[in-house]
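Note on naming: letters A, B, ... go to the chains in the order of the sequence lines (proteins, then strands), and numbering restarts at 1 for each one. Model, not experiment: these values are computed from the prediction.
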Protein chains: 2
Amino acid sequence: MAVRVRIEDVAAAAGVSMKTVSRVLNHEPNVREDTRLKVTRAVEELKYTPHLSARSLAGSKSFLVALLYNNPSASYLMGVIEGVLKACSDENYHTLLCPLEDDEARIVAGAEALIARSQPDGLVLTPPITDSPALLARLAELEIPYACVSPKDQSHGMGVAMDETRAAYDMVMHLASLGHRRIAHVIGHPAHGASGWRLTGYRQGLERAGIKFDPALVVQGEFSFESGVRAASALLDLERRPSAVFAANDDMAAGVIRVALERNLRVPEDLSVCGFDDTPMSRQIFPALTTVQQPTYEMGRIATLELLASIRNPESGRMVRVPYALKLRQSTGPVQE
Amino acid sequence: MAVRVRIEDVAAAAGVSMKTVSRVLNHEPNVREDTRLKVTRAVEELKYTPHLSARSLAGSKSFLVALLYNNPSASYLMGVIEGVLKACSDENYHTLLCPLEDDEARIVAGAEALIARSQPDGLVLTPPITDSPALLARLAELEIPYACVSPKDQSHGMGVAMDETRAAYDMVMHLASLGHRRIAHVIGHPAHGASGWRLTGYRQGLERAGIKFDPALVVQGEFSFESGVRAASALLDLERRPSAVFAANDDMAAGVIRVALERNLRVPEDLSVCGFDDTPMSRQIFPALTTVQQPTYEMGRIATLELLASIRNPESGRMVRVPYALKLRQSTGPVQE
DNA sequence: ATCCTGTCTGACAACGCTGTCAGCACTGCG
DNA sequence: CGCAGTGCTGACAGCGTTGTCAGACAGGAT
């Protein structure tokens with residue numbers, strides 16, 4: 001490995017001072033256009049990359065973005081992570097992963113430990129910790145900027161969100177268009193904002209389709225496969241069982257399918273099932289699951305870009321809406337007589 | 001946020017010089033036991049954490065470990081990642097994630113870019129890039145230490161591995177013990193070492209069970225769900241079709257189950273199916289999949305610990321064996337007449 | 001011609017830590 | 001009793017960058 005190219009070398013090559021090179025690299029004002037050009041050329045020629053540690057030490061910025069999570073879904077997380085990584089590397093930041101425990105106190109403690117150790121310049125939060133009041137309060141105190149992915153409260157702060165209510169509504173309309181009238185819903189984990197939105201969308205869809213809301217057809221789950229199994233058992237024990245089940249995520253939908261098949265019900269002939277998230281698993285179970293695709297990569301990327309923008313300019317940083325897509329597959333079909 | 005505690009403050013509190021504190025923190029020799037104690041106490045009292053950037057700048061170490069991967073399985077990766085994170089944070093290192101593209105040239109380019117930008121002190125490689133000769137050669141040139149997770153060549157280097165051959169052997173013995181004689185195998189992606197080991201284990205199992213190896217029952221796959229579907233179609237089109245299929249991973253096993261159920265075969269009554277990896281999906285499909293569990297978290301953690309040990313002392317760094325576990329579930333059952 | 005403004009540039013210290021090296025106190029040995 | 005050897009400690013420079021501040025220069029107002 002050759003010896004490192006330093007800012008000093010670039011300065012010499014460009015015939016300016018170190019400080020001017022620094023200005024160009026940091027997009028600071030007050031550099032003449034031709035000077036800027038000379039410097040950029042020298043940088044490219046020497047393939048210069050600033051030394052992160054030196055930068056961070058001198059500038060008291062860490063160039064670190066931490067991604068805080070406690071979401072158990074590996075595929076969801078990996079999507080978001082890749083997006084965050086992409087945005088960070090494009091802007092010469094490093095990404096720190098910070099897995100957190102489930103309970104509120106430990107979330108705060110974990111985040112504080114991270115902040116003390118690594119001094120990140122900003123944080124990206126994923127659900128459900130986007131909705132931990134204690135954490136948000138502490139972050140405000142510490143004055144650390146953060147961006148949220150799908151937070152419950154989208155009225156302020158920055159980040160990225162999807163119209164989940166609308167997606168759930170669309171899903172119910174899809175079922176209704178297949179002739180279903182007894183459409184059940186398995187609610188997600190009560191702590192997640194998504195559970196509420198999806199339930200709301202379900203109710204709005206029913207209303208639009210002219211179907212009376214039946215509380216007996218709505219069962220509490222908690223986003224896990226096992227909770228889907230429990231919910232399905234309850235629903236299929238009903239005297240007048242539903243002809244379709246809309247589970248608030250794919251894992252629970254898989255649980256519903258499991259129970260249906262165990263009871264020798266055919267999916268979708270005897271029972272239509274749909275989920276939410278479009279995990280890889282949803283394509284691999286039989287029958288393949290009708291579900292809603294979230295652009296997790298884009299969500300991670302955009303949230304991070306907003307965060308970085310707001311680090312540079314505290315005025316900026318918005319809540320960005322991203323589109324979803326219904327994935328119609330084999331687990332939903334027309335109602336049979 | 002209060003002002004940072006610096007090494008100077010700790011030195012003052014302990015009544016020693018900065019350098020002595022530094023020595024204690026870096027486990028350097030030549031510090032009297034009581035001095036060491038005084039310092040440790042002061043560190044704890046002041047809750048001192050060394051400033052990573054300053055350390056790295058002064059010591060020309062980056063305290064960074066990069067995890068290179070291009071494995072598409074999110075659950076496998078998340079397991080390894082969490083393990084690496086744990087080991088790193090325990091030793092006050094940071095983890096860098098480095099997703100790489102598939103082809104050899106881009107793997108090397110991606111790794112070089114990472115190394116140039118971030119100067120990691122060491123790398124953790126996951127399959128299949130553990131087996132990229134071009135990359136390994138380049139790393140040797142750059143003299144960057146690396147640890148491998150399940151590399152093809154375990155005769156030298158450090159890292160962690162599982163006896164996959166033995167696990168595959170066990171799986172075949174399990175099928176044989178259920179009375180199966182026509183046991184098919186779907187091979188994994190040819191570039192992965194795992195494919196070879198699992199095939200070898202399959203053949204050893206057959207031999208041990210006194211079953212003649214039948215090339216017609218062995219089909220090439222590539223670890224994807226779709227390749228499992230293709231393989232299963234071929235196998236089930238056979239005149240004398242197998243009574244059991246051992247797929248080299250869970251995704252392909254899911255593909256096999258999909259095809260079987262589509263053809264109205266019952267699993268396991270008409271066809272036993274088993275996989276490898278114990279992905280979360282394997283528990284969520286119907287029927288739940290018999291498979292082999294890899295301790296991914298431990299593997300990531302141990303590989304990283306070996307790496308860090310070898311950074312401190314180039315003499316150390318071994319290839320560690322970790323245990324596996326057969327997960328017997330509903331997708332395998334006794335042969336039916 | 002003089003002053004003032006604003007734009008652009010560079011010298012130098014500082015960021016928090018570790019490497020180097022010198023110095024001190026002790027031990028064992030001739 | 002002197003001297004080399006060993007164990008322990010501290011002073012200080014330097015890692016590669018940015019913040020601060022002062023200075024040079026151009027253009028407009030007086």
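Other residues, nucleotides and ligands contribute more than 12 heavy atoms inside 6.0 Å of the CZ atom of Arg321(B). Annotation for Glu45(A): atom CD does not count as buried by contact number, only 12 or fewer foreign heavy atoms lying within 6.0 Å.
A salt bridge is absent between Glu44(B) and Arg41(B): the closest approach of a Lys/Arg side-chain nitrogen to an acidic carboxylate oxygen does not fall below 4.0 angstrom. With salt bridges taken as basic N to acidic carboxylate O contacts below 4.0 Å, one links Asp90(A) and Lys86(A).
Each of Ile7(B) and Pro29(A) lies near DNA chain C, and the nucleotide nearest Pro29(A) is the one positioned closer to the 5' end.
To the nearest angstrom, P of dT18(C) lies 16 Å from CG of Asn30(B). The distance between atom CG of Leu37(A) and atom P of dC8(C), rounded to the nearest whole Å, is 15 Å. Taking atom CZ on Arg36(B) and atom P on dG7(D), their separation rounds to 14 Å, with Å as the unit. If you measure from atom CG of Asn92(A) to atom P of dT17(D), you get 12 Å, rounded to the nearest angstrom. Rounded to whole Å, the distance from CZ on Arg6(B) to P on dA14(C) is 13 Å. Residue Arg4(B) contributes atom CZ, which lies 11 Å from atom C1' of dC17(C) at whole-angstrom precision. Remark: P of dT18(D) and NE2 of His51(B) are 14 Å apart, rounded to the nearest angstrom.
Across residues 52-63 of chain A, Leu57(A), Ala58(A) each have a non-hydrogen atom less than 4.0 Å from an atom of DNA chain C (numbered order). Annotation: proximity of residues 12-28 of chain A to DNA chain C (heavy atom, distance under 4.0 Å) is found for Val16(A), Ser17(A), Lys19(A), Thr20(A), Arg23(A), numbered in ascending order.
Within the model, atoms CE of Met162(B) and CD of Glu298(B) stand 13.5 Å from one another, a figure rounded to the nearest 0.5 Å. Rounding to the nearest 0.5 Å gives a distance of 9.5 Å between CG of Asp131(A) and OG of Ser150(A). Remark: Thr126(B) OG1 to Leu77(B) CG distance equals 6.0 Å, nearest 0.5 Å.
When each of Thr130(A), Ile129(A), Leu125(A) is checked for a side-chain contact (heavy atoms from CB on, under 4.5 Å) with Pro151(A), only Thr130(A) meets the rule.
The shortest distance between side-chain heavy atoms of Leu52(B) and Gln119(A) does not fall below 4.5 Å. The shortest distance between side-chain heavy atoms of Thr304(B) and Cys88(B) falls below 4.5 Å.
The overall bend of the helix from dA1(C)-dT30(D) to dG30(C)-dC1(D), read as the angle between its terminal helix axes built from five base pairs each, is 60° when rounded to 10 degrees.
Side-chain N/O atoms of Ser17(A) and Thr20(A) include a donor and acceptor closer than 3.5 Å.
Among the protein residues, Pro50(B) comes within range of the sugar-phosphate backbone only, with heavy atoms under 4.0 Å from sugar or phosphate atoms but none that close to a base.
Look at Arg32(A) and you'll find a side-chain N or O under 4.0 angstrom from OP1 or OP2 of dT9(C). The side chain of Tyr48(B) contributes no N or O atom lying less than 4.0 Å from OP1 or OP2 of dG16(C).
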